[in-house]
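Here's the structure, in structure tokens; my notes come after.
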Amino acid sequence: MHINSSYLLCLSAGLVYDSLMLKHQCVCGNAHIHPEHAGRVQSIWSRLQETGLLNRCERIRGRKASLDEIQSVHSEFHTLLYGTSPLNRHKLDHKKLLGPISQNMYAVLPCGGIGVDSDTVWNEVHSSAAVRMAVGSVIELAFKVAAGELKNGFAIVRPPGHHAEESTAMGFCFFNSVAITAKLLQQKLGVGNILIVDWVRSTNQITNSTTSDNILLLYIDFN
């Protein structure tokens with residue numbers, strides 16, 4: 001896709017954020033003992049307001065990713081497990097879920113909450129909506145950039161996604177937002193090669209396992 005350089009100068013940077021993602025938090029209510037918490041994105045948002053950068057960006061409305069979009073990378077079981085809430089899960093075929101979901105799917109944390117592990121907390125009421133909003137917001141922003149409607153974009157989303165495997169949640173992550181977005185850009189817009197630069201502080205083997213052969217991954221490790 002070729003976009004005229006003079007046209008790019010007229011485009012804005014896109015910014016996507018939705019407060020729904022703040023509700024993904026441990027039921028213990030103590031953010032100080034959980035390094036991935038709502039305060040992370042609240043601080044980013046506040047800083048953008050303070051510096052005036054917020055007013056220089058075009059606000060993009062976030063949305064929840066569909067289950068079909070998530071399944072472009074993740075297994076059906078994994079998608080249904082973390083992408084549905086107790087309110088709508090009863091409508092699903094329990095054979096796809098390998099039986100009713102129960103607390104046994106999660107670990108009881110020292111703080112009294114539940115999670116996949118000590119880092120990856122889960123809130124049965126709010127987490128499914130938050131993780132789908134995170135994925136959908138990245139998709140929405142990337143598609144607008146790829147279509148030439150925006151010069152570039154910044155997605156303020158949580159929970160993060162780069163540690164999530166096809167059928168496994170870990171390291172704060174449930175759905176691999178970037179891998180899903182890259183796959184959909186190729187499938188729906190015919191985007192060719194895609195470069196993903198992952199700024200990590202630990203060895204990251206996950207995004208590589210959920211992306212295609214024609215997506216180049218570059219890891220920058222600060223250890």
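No single ILVMFWY cluster, assembled from side-chain heavy atoms under 4.5 Å apart, contains both Leu184 and Met133. There is a path of hydrophobic side-chain contacts, each under 4.5 Å, that joins Ile70 to Ile196. In this structure, Leu54 is a member of the same hydrophobic cluster as Phe154, with clusters built from ILVMFWY side-chain heavy atoms closer than 4.5 Å. Under the 4.5 Å side-chain heavy-atom criterion for Ile, Leu, Val, Met, Phe, Trp and Tyr, Val178 and Ile44 are members of distinct hydrophobic clusters.
Annotation for Leu150 and Gly14: closest pair CD1-CA, 3.8 Å, computed over non-hydrogen atoms. Minimum interatomic distance between Thr120 and Gly171 (heavy atoms only, all atoms of both residues): OG1-N, 3.2 Å. Taking every heavy atom of both residues into account, Asp117 and Leu109 meet most closely at O-CD2, 3.5 Å. When every heavy atom of Gln187 is checked against every heavy atom of Ser72, the shortest pair comes out as OE1-CB, 4.4 Å. Across every non-hydrogen atom of Phe174 and Ala169, the tightest pair is CD2-CB, 3.7 Å. The minimum heavy-atom distance linking Ala13 with Asn152 is given by the pair CB-OD1, 3.0 Å.
By the 4.5 Å heavy-atom criterion applied to side chains, Val157 and Val41 are not counted as neighbours. Using a 4.5 Å cut-off on side-chain heavy atoms (C-beta onward), Leu15 and Leu53 make no contact. Put simply, the side chain of Ile60 reaches to within 4.5 Å of the side chain of Lys144, judged on heavy atoms. Within the 4.5 Å cutoff, the side chain of Glu36 has heavy atoms near those of the Pro160 side chain. No side-chain heavy atom of Ile114 sits less than 4.5 Å from a side-chain heavy atom of Val121. Side-chain contact between Leu48 and Ile156 is present, with heavy atoms from C-beta onward closer than 4.5 Å.
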Which atom pairs, one a donor and one an acceptor, fall under 3.5 Å between side chains of residues 16-35 and the rest of the protein, sequence neighbours left out?
| unit_1 | atom_1 | unit_2 | atom_2 | d |
| --- | --- | --- | --- | --- |
| Asp18 | OD1 | Leu20 | N | 2.8 |
| His24 | ND1 | Ser127 | OG | 2.7 |
| Asn30 | OD1 | His32 | N | 3.1 |

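Using modelled atom types, no side-chain atom of His162 and backbone atom of Asn176 make a donor-acceptor pair closer than 3.5 Å.
Here the straight-line distance linking atom OG of Ser12 with atom CD of Glu149 works out to 12.0 Å at 0.5 Å rounding. Atom CG of Asp119 and atom SG of Cys173 lie 10.0 Å apart (nearest 0.5 Å). Going from atom NE2 of His74 over to atom CG of Leu80 covers 12.5 Å, rounded to the nearest 0.5 Å. In this structure, the separation between CD on Gln42 and NE2 on His37 is 9.0 Å, given to the nearest 0.5 Å.
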Problem - Evaluation steps, side-chain contact (heavy atoms from CB on, under 4.5 Å), between Phe175 and Val73 - result: CA-CA 9 Å; Phe175 297 141; Val73 164; over 6 Å; no
Practice task
Could you walk me through whether Thr84 and Ser128 pass side-chain contact (heavy atoms from CB on, under 4.5 Å), step by step?
Solution key: CA-CA 6 Å; Thr84 59; Ser128 62; 5.7 Å; no
Practice task
Tell me, with the steps shown, if Val116 and Met170 meet side-chain contact (heavy atoms from CB on, under 4.5 Å).
Solution key: CA-CA 7 Å; Val116 176; Met170 65 176 74; 5.7 Å; no
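Partners of Ala142 under the side chain to side chain contact (heavy atoms under 4.5 Å, CB included) rule, at least two apart in sequence or in another chain, are Thr181, Leu185. With sequence neighbours excluded, no residue satisfies salt bridge (charged side-chain N to carboxylate O under 4.0 Å, His left out) with Arg59.
Classified by interplanar angle (parallel below 30°, tilted 30° to 60°, perpendicular above 60°), the ring pair His78/Tyr82 is perpendicular. Ring geometry for Trp122 against Tyr106 counts as parallel: the plane angle stays under 30°, on a 0 to 90° scale with 60° as the upper cut.
Ion pair Arg63/Glu69 flagged as a salt bridge, since at least one NZ, NE, NH1 or NH2 atom sits closer than 4.0 Å to an Asp/Glu carboxylate oxygen. The residues Glu140 and Arg61 are annotated as not salt-bridged, no charged nitrogen and carboxylate oxygen being separated by less than 4.0 angstrom.
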